[in-house]
Amino acid sequence: MSQDLKMDDLSSMETSHTTKIQSGSTATVTPLLKRPEGAKVFGSKVFDSFRSGPKREVAPALGGDNGRVFNAEAAAFNTAHAPLARRLKGRHLQMIAIGGSIGTGLFIGSGQALAQGGPASLLIAYILIGGVLFCTVQALGEMAVSFPVAGSFSAFATRFIDPAWGFASGWNYAMQWLFVMPLEVMAAAITLEFWDLPIPGWASITVFLALIITINLSGVKFYGEAEYCFSIMKVTAVIGFIILGVVINCGGGPDSGYIGGQYWADPGAFNDGIKGFCNILITAAFSFSGTELVGLAAAETHNPSRSLPTAIKQVFWRIAIFYIISIGVVGLLVPYTDTDLLGRNDVDSKSSPFIIAIRSAGIQGLDSVMNAVVMISVLSVANSSMYGATRTLAALAEQGQAPRILAYVDRKGRPLVSILLASCIGLLAYLYVSPIQGPAFTWLLALSGLSSIFTWASICYAHIQFRRAWVSQGQPLSSLIYRSPIGSLGSYVGLISLILILVAQFWVAIFPSGGYNDETVSERLNDFFELCLALPVVLIFYVGYKWGYKTKWVHLKDVDLRTGRNEFESEWG
């Protein structure tokens with residue numbers, strides 16, 4: 001017998017209320033002990049907040065005689081009515097969009113990219129990825145404002161493309177942030193080595209993990225405030241570095257003298273030609289990853305119709321100023337042949353090109369300030385990583401694509417079980433004090449390197465399908481609350497560009513610069529998977545779910561444009 005829920009049934013679930021009446025006690029025996037009136041129980045309110053939120057109807061996302069029939073309507077209903085707290089304000093979203101991902105990729109990973117491709121390749125790669133991300137975020141903004149549901153782009157992939165792809169892309173995104181968090185905590189601990197402080201590595205890891213877990217357990221509003229403060233500091237530091245870099249380049253440093261474009265002439269603007277350029281595309285993508293979190297936060301934003309479009313527009317300024325200009329300045333101040341630049345399996349914070357530029361100019365003290373900014377930045381990304389992972393896991397559980405327990409949300413709107421799982425995986429950061437510190441950093445980065453490319457491609461294609469379904473079902477584009485200024489064309493450009501970036505990455509992975517030399521087959525496979533580990537992970541998830549649940553690609557006429565649609569919002573806040 002079919003287990004599909006009709007839309008009318010879901011509507012009735014949405015409006016139904018259950019009232020439970022408890023009878024009074026008939027006991028006549030006076031208790032031996034009685035708490036005095038007015039006495040308070042320590043922490044009772046704190047512990048009470050961890051209890052489950054108000055009881056709500058949950059539609060079974062999986063049905064059929066064998067429990068292997070995916071119910072798309074039920075999944076959409078659950079994500080649209082997830083009990084997350086809408087407490088993020090517009091200023092929170094704007095700072096998440098501007099500075100939410102400024103961290104290891106920009107401040108540390110750019111050193112390795114500069115050494116691999118040279119300053120011109122580095123700048124072109126960041127401009128290219130920035131343009132692709134602009135297209136992606138505009139597409140995401142249009143869908144997220146129309147459907148501010150839990151899970152955002154993973155839910156959109158399930159609804160507009162294929163439940164199997166929604167499962168694969170959702171788990172890909174969750175795993176990306178689950179493993180980026182310990183990566184960033186390790187990077188934060190590494191920054192402390194700059195000052196040669198007598199602090200054991202395990203102690204700094206413990207403090208940083210405790211800080212991140214505490215922020216995420218304090219509720220989404222506290223998370224928003226924390227990211228607001230972190231982002232202000234990061235943005236201020238990047239703007240300060242850009243101004244300082246211009247001064248240094250013009251000869252204002254104590255030791256540097258006039259630099260101009262001499263490093264573009266000698267040792268040169270490019271290193272290793274086209275392969276050098278292709279090698280750094282994924283590093284650039286990793287640097288930008290996290291911008292899409294602004295769409296994920298739509299489900300916890302008070303008024304996404306007003307707040308989200310403003311935040312989306314900030315992405316252009318972030319791309320233009322905080323990434324491209326700062327990378328351009330770095331390329332003018334640090335030659336790609338500098339021996340201090342970050343190398344493979346090297347995670348020394350002194351390898352940051354931002355710090356190298358300041359030290360080379362002979363400016364005393366500012367390198368320590370910049371190192372402190374790097375530490376704050378990577379902790380901020382670690383904080384955002386836990387947020388992104390936990391919200392994605394909870395949304396997957398709402399859709400029946402993860403264990404239901406992960407969807408547990410308490411009275412303050414916190415996905416507690418998902419936070420617990422992310423906290424446990426965060427313990428991987430203690431690999432920092434192990435003998436395999438360098439390889440651990442490399443493999444954690446490998447797990448998350450290509451993930452952003454798959455996520456952005458999924459967003460672009462979901463937007464293309466969304467627009468096609470919107471028109472085919474007779475909906476005028478003028479009825480969209482927020483409409484992407486570049487429309488479907490921007491999504492096509494983004495999707496094609498991302499596919500070409502994947503092809504380029506596979507090319508350099510199969511035919512690396514300098515050839516294989518005397519490497520064994522095992523070493524060649526090791527090098528390949530360091531660059532492309534996310535690919536087999538996504539394929540295994542997709543094929544496995546497709547085979548297990550026999551899902552089909554969603555036809556345009558069957559796309560659900562009703563459940564969770566943002567048709568009315570209050571004006572307060």
Side-chain angles (χ1 to χ4, degrees), residues 13-14 16-20 22 40-61 74-89 92-93 96 148-152 154-155 170 173-174 177-178 181 209-228 293 296-304 382-427 564 573:
M13 290 170 62
E14 185 174 352
S16 66
H17 298 277
T18 302
T19 304
K20 294 184 178 180
Q22 298 180 349
K40 296 183 179 179
V41 179
F42 177 75
S44 60
K45 290 185 178 180
V46 175
F47 289 109
D48 186 64
S49 68
F50 290 108
R51 296 181 180 179
S52 180
K55 185 176 180 180
R56 65 187 180 99
E57 299 289 352
V58 178
F77 175 86
N78 291 341
T79 55
H81 298 87
L84 298 172
R86 291 187 175 271
R87 295 177 180 172
L88 289 177
K89 303 297 183 182
H92 298 144
L93 283 186
I96 289 173
V149 299
S152 189
S154 69
Y173 192 74
W177 289 124
L178 285 173
M181 191 188 77
L209 279 176
L211 174 65
I212 294 166
I213 294 171
T214 299
I215 290 175
N216 279 270
L217 282 176
S218 298
V220 68
K221 186 175 182 179
F222 190 82
Y223 162 79
E225 294 293 348
E227 278 304 300
Y228 183 79
L293 283 172
L296 197 64
E300 295 177 88
T301 302
H302 165 62
N303 195 335
N383 185 42
S384 295
S385 299
M386 177 171 277
Y387 176 83
T390 55
R391 269 52 181 188
T392 303
L393 287 172
L396 287 169
E398 292 283 5
Q399 298 178 97
Q401 297 172 331
R404 180 65 201 176
I405 188 65
L406 292 175
Y408 180 89
V409 176
D410 67 10
R411 297 185 179 185
K412 285 195 172 182
R414 299 170 294 197
L416 284 182
V417 179
S418 294
I419 291 176
L420 176 62
L421 175 61
S423 301
C424 291
I425 295 178
L427 298 178

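For the numbers below, each heavy atom of this structure counts, side chains included, while hydrogens, waters and symmetry mates do not. In this chain, residues are counted from 1 in sequence order.
By the side chain to side chain donor-acceptor pair (under 3.5 Å) test, Y173 pairs with W177, E292, sequence neighbours left out. With sequence neighbours excluded, the residues satisfying side chain to side chain donor-acceptor pair (under 3.5 Å) with N383 are N216, E227.
For the atom pair CE (M386) and CD1 (I213), the distance works out to 5.0 Å, reported to the nearest 0.5 Å. Taking CD of E300 as the start and OH of Y387 as the end, the distance is 3.5 Å to the nearest 0.5 Å.
When all heavy atoms of A395 and G151 are compared, the closest pair comes out as CB-CA, 3.2 Å. Of all heavy-atom pairs between T79 and A155, the closest is CG2-CB, 4.5 Å. Heavy-atom minimum distance, G224 versus L88: CA-CD2, 3.8 Å. Nearest heavy-atom pair across L393 and A402 is O-CB, 4.3 Å. Minimum heavy-atom separation, I212 to A382: CD1-CB, 3.4 Å. Residue A389 comes nearest to A174 through the heavy atom pair CB-O, 3.9 Å, listed as atom of the first residue, atom of the second, then distance.
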Donor-acceptor pairs under 3.5 Å, side chain of residues 417-427 to any protein atom, not counting sequence neighbours: which ones?
from, atom 1, to, atom 2, distance (Å)
S418, OG, L406, O, 2.8
S423, OG, I419, O, 2.7

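V220 pairs with exactly one of R414, R391, K412 by the side chain to side chain contact (heavy atoms under 4.5 Å, CB included) rule, that one being R391.
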